[in-house]
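Just below is one structure, and these are the notes that go with it.
First listed ligand is number 1; within each ligand, the first listed atom is number 1.
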Amino acid sequence: MRRLSRRSFLASSAAVLTAAPAFAAPRPAPEVPRSGWVDAVIVGAGAAGIAAGRRLAAARKQFVVLEAADQVGGRCITDTKTFGIPYDRGAHWIYAADINPLAKLAVQSGLDIYAAPPGQRVRIGRRYARESEMEDFLSSLVRANVAIADAARKSDVACTQVLPKDLGEWRPTIEFVLGPYGCSKELADVSTADLSRSGERDNSAFCRQGFGALLAKLAAPLPLLLATPVKTIEWWSRARIEVDTPKGQFKTGAVIITVSTNVLTSGKIKLAPDLPKRQLDAAAKLKLGSRDHVALELTGNLFGLRADELVFEKSESRQTAAIFGNMAGSTICVVDVGGSFGRDLSAKGEAAMIDFAINWLGGLYGTDMKSAVKRRHATRWNNEPWVLGAISAAAPGAQSSRKVLAEPLSGRIFLAGEATHETLWGTVNGAWESGERAADAVVKLLGGPSKRS
Ligand SMILES: Cc1cc2nc3c(=O)[nH]c(=O)nc-3n(C[C@H](O)[C@H](O)[C@H](O)COP(=O)(O)OP(=O)(O)OC[C@H]3O[C@@H](n4cnc5c(N)ncnc54)[C@H](O)[C@@H]3O)c2cc1C
């Protein structure tokens, strides 16, 4: 989730790291247990699962990471095939790079990090907003954020309920920026407490090789089985939990579950006994919204944008989007759709998403786009079977659900993942921290180094 503020619009980018030290010496591939006893099982190899695995490896525990998909990364994967250059299908922004552990790890891993350009622009019809119009927009955005934060101190209600009444013609744009773009849901479906507690995300950066490529590199030394969906977790006994996959059964003393809230509530993993109602309810209140990228390779820099420039439209309707122009200096332009409009559009399929993006851009820039688009691609995160959505903005009144979701089951099953982070939800670094937190709890539970290591 990217929280925009006056500061983030105006501030110049942070001094972010570029050069990298030499690659660390490659570690030998770990021996991966295929069944039987392990100290711990990690379910899912997205950011949270990878972070948990690295923590358990550092504590010399014997464990396995089980991943349902045929690649690691979850909602943070880099595709190098579609356009021949790195294209992040999910997360791309490394928020708050000056304090984000992933930025440091990227440098340590020999990858290149560069700062996101300062500021964003707003398109008004066929022109960009003038300075005075930007000032007006930004001050309205600040007032909206302040109203949400003020309201959150008294009670946890829907963000739309507390927006200032005088946002005038900027209201739909502000609702898009804070809602579908920032939270993947309409503001009417987002808790004031959740939005106001999510930290500022200034000073962003990008990984030249791709954010997903970074996660894949960080996962490489882990004992990990791909294409191995967990079907059942039996936790009747405190001493021995049984984890079943189509490829074999593991017996273990601790489990870290990192799957998304939509997967958790879908019934794809059967817990026996069931996940307590309290936690199922919490997951339901943290269900994922919708957000997708429509990426178009253009014949040139048709819109005169700088590399990695972010543009919003001064919109009058929900049928709007954000533009991420000239990705990493290429001619790839990414149109981001989200919220209920994005969900309906994605349900119509990739062709409809691409049509929307082409027509919308053509209208905004007065450009005939017919022969201007070469390769193209649209993500459909709601249809990814092991993810089922985008990010977990809390429903009105449900900010406290994050704490409930993270409560351990019988002191041995730990839930992690972006939805369990109280302030960094909806981000890779939030997922990462949650995975480390769960792994620390497992290390504490298991005591010293593994007897079997
Ligand atoms: C379009 C989009 C743009 C985003 N942009 C940004 C951004 O710019 N910056 C940012 O910081 N964040 C961004 N995010 C959010 C970020 O991607 C997520 O918060 C983060 O990646 C979530 O990590 P996670 O480990 O919690 O969950 P996931 O990434 O969902 O990982 C869970 C893993 O569990 C696996 N799994 C599911 N079921 C099973 C099973 N039964 N058995 C075994 N494995 C299973 C899944 O395959 C998956 O790999 C974006 C998200 C989306 C969708």
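- Taking the centre and axis of the six-membered ring of Tyr128, the NZ or CZ atom of Arg121 falls inside the cone set by 45° and 6.0 Å.
- For ligand 1 and Val263, the ligand atoms under 4.0 Å from any heavy atom of the residue are 38 (N).
- Between Trp93 and Phe324, the distance separating the two ring centers is shorter than 6.0 angstrom.
- Considering backbone and side-chain atoms together, Gly417 places no N or O closer than 3.5 Å to any N or O of ligand 1.
- Listed by number with element, the atoms of ligand 1 under 4.0 angstrom from any heavy atom of Gly44 are 33 (C), 34 (O), 35 (C), 44 (N).
- Counting atoms of ligand 1 from 1 in the listed order, those under 4.0 Å from a heavy atom of Gly73 are 29 (O).
- Listed for the Asn100 side chain is no donor-acceptor partner under 3.5 Å among the backbone atoms of Ala96.
- In summary, the atoms of ligand 1 found under 4.0 Å from a heavy atom of Gly74, numbered by their order in the structure, are 29 (O), 48 (C), 49 (O).
- Close approach to Trp93 involves these atoms of ligand 1, each under 4.0 Å from a residue heavy atom: 7 (C), 8 (O), 9 (N), 10 (C), 11 (O).
- In this structure, the side chains of Arg376 and Glu350 stay at 4.5 Å or more apart for every pair of heavy atoms.
- For Val43, no nitrogen or oxygen atom sits less than 3.5 Å from a nitrogen or oxygen atom of ligand 1, counting backbone and side chain alike.
- The closest approach between any non-hydrogen atom of Gly338 and ligand 1 is not below 4.0 Å.
- A donor-acceptor pair shorter than 3.5 Å can be found between the side chains of Glu186 and Ser340.
- When each atom of ligand 1 is checked for a heavy atom of Pro229 under 4.0 Å away, the hits are 42 (N).
- In this structure, His92 has its ring center at least 6.0 angstrom away from the ring center of Tyr87.
- For ligand 1, none of its N or O atoms has an N or O atom of Val387 under 3.5 Å away.
- Considering backbone and side-chain N/O of Thr427, one or more are found under 3.5 Å from N/O of ligand 1.
- In terms of polar-atom proximity, defined here as any N/O pair under 3.5 Å, Asp292 makes no such contact with ligand 1.
- In this comparison of Ser204, Ala91, Gly389, Ala431, the heavy atom closest to atom 13 (C) of ligand 1 sits on Ala91.
- Looking at Arg380 and Asp292, no side-chain N of the basic residue comes within less than 4.0 Å of a carboxylate O on the acidic one, giving no salt bridge.
- Evaluated by nearest non-hydrogen atom to atom 3 (C) of ligand 1, the leading choice among Gly435, Gly430, Gly90, Ser434 is Gly90.
- Between Ala47 and ligand 1, an N or O atom pair is found at a separation short of 3.5 Å.
- The shortest N or O to N or O distance between His293 and ligand 1 is not below 3.5 Å.
- The CZ atom of Arg318 sits 10.5 Å away from the CD atom of Glu175 when rounded to the nearest 0.5 Å.
- Proximity of the aromatic rings of Phe250 and Phe63 is defined here by a centroid distance below 6.0 angstrom, and this criterion is not met.
- The distance criterion of under 3.5 Å between nitrogen or oxygen atoms is not met by Arg89 with respect to ligand 1.
- Of the listed options Trp432, Phe206, Trp386, Tyr95, Tyr95 places a heavy atom closest to atom 10 (C) of ligand 1.
- The atoms of ligand 1 that sit less than 4.0 Å from any heavy atom of Arg291 are 1 (C).
- Here the straight-line distance linking atom OG1 of Thr331 with atom CZ of Phe83 works out to 9.5 Å at 0.5 Å rounding.
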* To do: Under the side-chain contact (heavy atoms from CB on, under 4.5 Å) rule, what do Leu361 and Phe303 come out as? Steps first, then yes or no, please.
  => CA-CA 9 Å; Leu361 284 171; Phe303 312 135; 3.9 Å; yes
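- The contact set between ligand 1 and Gly46, taken as ligand atoms under 4.0 Å from a residue heavy atom, comprises 25 (O), 29 (O), 31 (O), 33 (C), 49 (O).
- Because its NZ or CZ atom is not both nearer than 6.0 Å to the ring centre of Phe312 and within 45° of the ring axis, Arg123 does not count as a cation-pi partner of that residue.
- Within the structure, the closest approach of Glu67 to ligand 1 falls below 4.0 Å when heavy atoms are considered.
- Taking distance alone, with nitrogen or oxygen atoms compared against 3.5 Å, Ile391 stays at or beyond that limit from ligand 1.
- Proximity of a side-chain donor or acceptor of Arg75 to a complementary backbone N or O of Ala390 within less than 3.5 Å is detected.
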